[in-house]
Amino acid sequence: MDYNKLANLLFPQIKKTPEDYEAIYPPRNLPEGAKVTRLGPSPTGFIHLGNLYGAFADERLAHQSNGVFFLRIEDTDDKREVQGAVPMLINALHHFGVHFDEGATIEGETGNYGPYYQSKRGDIYQCFAKHLVSKGMAYPCFLTEEEIAEIRNEQESKKLNPGIYGTWANHRDLTFEEVVERISSGQPYVIRFRSNGSLENHFTVIDGIRGELTMPENDQDVVILKKTGIPTYHFAHVVDDHLMRTTHVIRGEEWLSSLPIHVALFHALEWPLPTYCHSTVLMKMDGETKRKLSKRKDPELSLEYYKQEGYHPYAVREYLLTILNSNFEEFRLANPTASIDEFEFTTDKMSNSGTLFDLDKLNDISKEVLAKLSAEEIFFFLLQWAKVYQPGLAELMAGKEEQMLRILSIDRGGNKPRKDLIYCRQIFHFISYFFDDHFMVEDDYPKEVSLKDTKEILNRYIQVYDEADNQEAWFEKIRTITADLGYAVKPKDFKKNPDQYKGHVGHVSNVIRLAITGRTNSPDLWEIQQIMGLQQVRGRIAQAFQDIG
RNA sequence: GGCUCCAUGGUCAAGCGGUCAAGACACCGCCCUUUCACGGCGGUAACCCGGGUUCGAUUCCCGGUGGAGUCACCA
């Protein structure tokens, strides 16, 4: 068989040679040790935390080594493509602080190693497919779906491994004439890789995350070009990552089992292997068992979910980094204010067992992150969020910037900042009592205080309340009311002799707190009232009288 | 089922042959305190099982078990 003849029959329109492409895409001129990484999403319109997890690893690796991080759109499956998915993807990644140096952008493409859409690289893939055919390492296969199903059935009944390989690959050695005949009669075909590997033989690669990996060789004649002429992932990955000069391929461990295919392809094309880094998948608790995060089943793990709830992008970043690199937390503890960029990220510190997504941890990190921001930053962040997700709240905030800043400044800064702000939706609820339209009595009045005393406390309080009092003077008045009504001014006295008092000053001030905020828990009441102003304070007390009858 | 990966408290995880087996989150208690939050102190809680190798195994090897992933003209 003259393989050159076959190659020209199959790809008459392909004139360029592999050497031409090597010249068009020469090795990158980068400093020693620079890493080239890429994100290769398929434009399905759905990105989740797992994708972001990988993207951070790519981004850190490239940028801390003065390398290149690019975005390649893997749109070889037209069935899955969703309109407008690419801008959405890019925006979502930008939102969380992932920026690319090269590749697909919202405006178009940038960089010298494009096109960055696999759908535009048809000629390139065909050229290398042609090359493999001409060397007898790939061949046209006319097997129909039914024929393949038959083969599979027979393999199953004989308990053999399924697939097209070895003697099952019965279009491997079609004669040139047979091929011509089938093509001219219009039979569709795919191009398959002619594997000379065997499951008996094993090979070893060094994985950037897992270390030494030993796997059996690939023995399958995998499809490299579909009948449409579009490459499969396997072939596109090998061709693209070689031509785009990727040095580190970071991907989920679901790719581990197809690694033998990729290695075989790299060998066949006589190209050096990139460093593979197979990361763990993010897991989720599903009833009693762990399982991989799923796009279908876990919409709440969508990146969109975190935007909707109003998690700060920094918080999500910090969280992901803590599960990405086991020593990041240690670094953060030692350097509370350092930028993430100062942390040296390494693949060998990446976990290699499944990581369970932990919302408690995210929330905790989010509190820490927000506690370090200024009131202005939080205000701006809230406003941006509200504009998109709660337009009513955005309107409410619009004229109240000064008041909002005062609210957000309560116990902010200093050595012991409050840490009770987590995400926008939660924050709005947390401060909602400042706004009459959102005010609600959410808790019960303290049971230690009788209804009669409750009224008496409120009554006396509103008579003596003076907005001009400083915190000390203000609280002294509450102490007076406390003592007059037979409650302990010092909580400790009450604890020591519970029989001698009706309750203590905490109970009394909580009556007032409840009337003002509708809750038994709040930041400092004096400050809250200073922000509210006399009129609103009086209004709340009046309303409290109504409520309790 | 074949192949592959993985296995330390509830969760995330240090650990690389000798440790009272770190730390963080969560949980519980105490202190601070007019509530909450913050902060401080303390506590409960772990090396999947069985064989080796070794003076000694959480750590190395083998075998189970368990979990996960993958077996497409999807990525």
Side-chain angles (χ1 to χ4, degrees), chain A residues 40-44 74-77 79-80 118 141 143 145 148 152 156 159-164 188-192 199 207 210 213-216 220 222-234 236-237 251-260 278 280-281 283 285 289-292 319 322-323 326-330 332-333 349 351-365 367 371 410-411 414-421 430 443 446 475 478-479 482 489-492 504-514 517 519-526:
Chain A
S42 56
T44 56
E74 311 208 333
D75 52 352
T76 54
D77 182 9
K79 287 188 282 293
R80 301 192 354 167
Q118 289 184 332
C141 170
L143 253 22
E145 261 179 67
I148 292 174
R152 173 176 301 264
E156 267 170 26
K159 299 204 168 151
L160 294 169
N161 284 329
I164 305 301
Y189 62 93
V190 300
I191 303 294
R192 284 185 188 272
L199 262 21
D207 185 282
R210 289 155 196 271
L213 287 178
T214 301
M215 310 194 85
Q220 297 274 334
V222 292
V223 173
I224 58 176
L225 291 185
K226 307 177 204 175
K227 70 176 175 224
T228 51
I230 294 172
T232 56
Y233 168 85
H234 306 301
H237 149 58
R251 39 143 75 153
E253 69 179 332
E254 67 267 27
W255 291 111
L256 221 38
S257 52
S258 43
L259 185 57
H278 289 96
T280 66
V281 290
M283 312 285 284
M285 220 49 206
T289 53
K290 288 182 179 185
R291 60 144 231 269
K292 180 186 169 186
Y319 172 65
T322 63
I323 58 178
S326 52
N327 51 339
F328 176 73
E329 234 177 327
E330 203 177 306
R332 179 49 81 209
L333 242 33
K349 284 285 183 189
S351 163
N352 54 7
S353 57
T355 296
L356 208 54
F357 175 76
D358 184 355
L359 190 62
D360 279 332
K361 188 82 177 181
L362 205 213
N363 284 155
D364 178 70
I365 288 173
K367 288 180 193 171
I410 297 174
D411 281 341
N415 321 330
K416 295 180 177 181
R418 299 189 72 84
K419 293 179 182 168
D420 36 24
L421 272 27
F430 188 72
D443 297 321
F475 197 65
I478 290 177
R479 287 203 181 95
T482 299
V489 172
K490 292 180 180 171
K492 274 186 178 164
H504 63 76
V505 66
H507 300 127
V508 175
S509 49
N510 252 359
V511 168
I512 300 166
R513 186 185 313 280
L514 212 102
T517 68
R519 305 173 191 183
T520 50
N521 300 331
S522 82
D524 184 73
L525 236 197
W526 178 80

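Below, chain A is the first sequence line, B the second, and so on; all start at residue 1. Nothing here was measured: the structure is a model prediction, and the numbers come from that model.
- Between I224(A) atom CD1 and C73(B) atom P the separation is 13 Å, expressed in whole Å.
- In this structure the side chain of L256(A) reaches within 4.5 angstrom of the side chain of L213(A), judged on heavy atoms.
- When each of U4(B), C71(B), U35(B) is scored by its nearest atom to the side-chain atoms of L256(A), the top-ranked nucleotide is U4(B).
- When distances run from any side-chain atom of N521(A) to the nucleotides C5(B), U4(B), C36(B), the shortest one goes to C36(B).
- Checking C38(B), G23(B), A75(B) against the side-chain heavy atoms of E329(A) singles out G23(B) as nearest.
- Ring pair Y233(A)/W255(A) is parallel by interplanar angle, where below 30° counts as parallel and above 60° as perpendicular.
- Between the side chain of R418(A) and the base of C36(B), at least one donor-acceptor pair of N or O atoms lies under 3.5 Å.
- A donor and an acceptor atom never sit less than 3.5 Å apart when one is taken from the side chain of S257(A) and the other from the base of U4(B).
- Looking at heavy-atom distances under 4.0 Å, T482(A) makes no contact with the nucleic acid at all.
- For R210(A), the side-chain atoms get nearest to C5(B) when compared with the rest of A26(B), C38(B), C5(B).
- D443(A) places a side-chain N or O within 3.5 Å of a backbone atom of T520(A) that can act as its donor or acceptor partner.
- Of the candidates U70(B), U11(B), C73(B), the closest approach to any side-chain atom of V190(A) belongs to C73(B).
- Listed candidates were C25(B), A37(B), A75(B). Nearest to the side chain of D420(A) is A37(B).
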For RNA chain B, what is the dot-bracket line, given that a base pair needs Watson-Crick (N1 to N3, plus N6-O4 or O6-N4) or G-U wobble (N1-O2 and O6-N3) geometry with both distances under 3.5 Å, and | means paired with another strand?
((((((((.[[[..)..(....]]].(((((.......)))))....[[[[[..)....]]]]])))))))....

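- Candidate nucleotides A37(B), A13(B), C73(B) were compared by shortest atom distance to the side chain of D411(A), and A37(B) ranks first.
- RNA chain B is contacted by both K492(A) and Y189(A); K492(A) maps to the nucleotide lying nearer its 5′ end (nearest heavy atom per residue).
- For K226(A), taking side-chain heavy atoms from C-beta onward, the closest of the listed nucleotides G23(B), A75(B), A13(B) is A75(B).
- Comparing atom distances between the N510(A) side chain and each of U35(B), G39(B), U4(B) picks out U35(B) as nearest.
- Distances were taken from every side-chain heavy atom of V505(A) (C-beta onward) to each of C3(B), U34(B), A75(B); the shortest belongs to U34(B).
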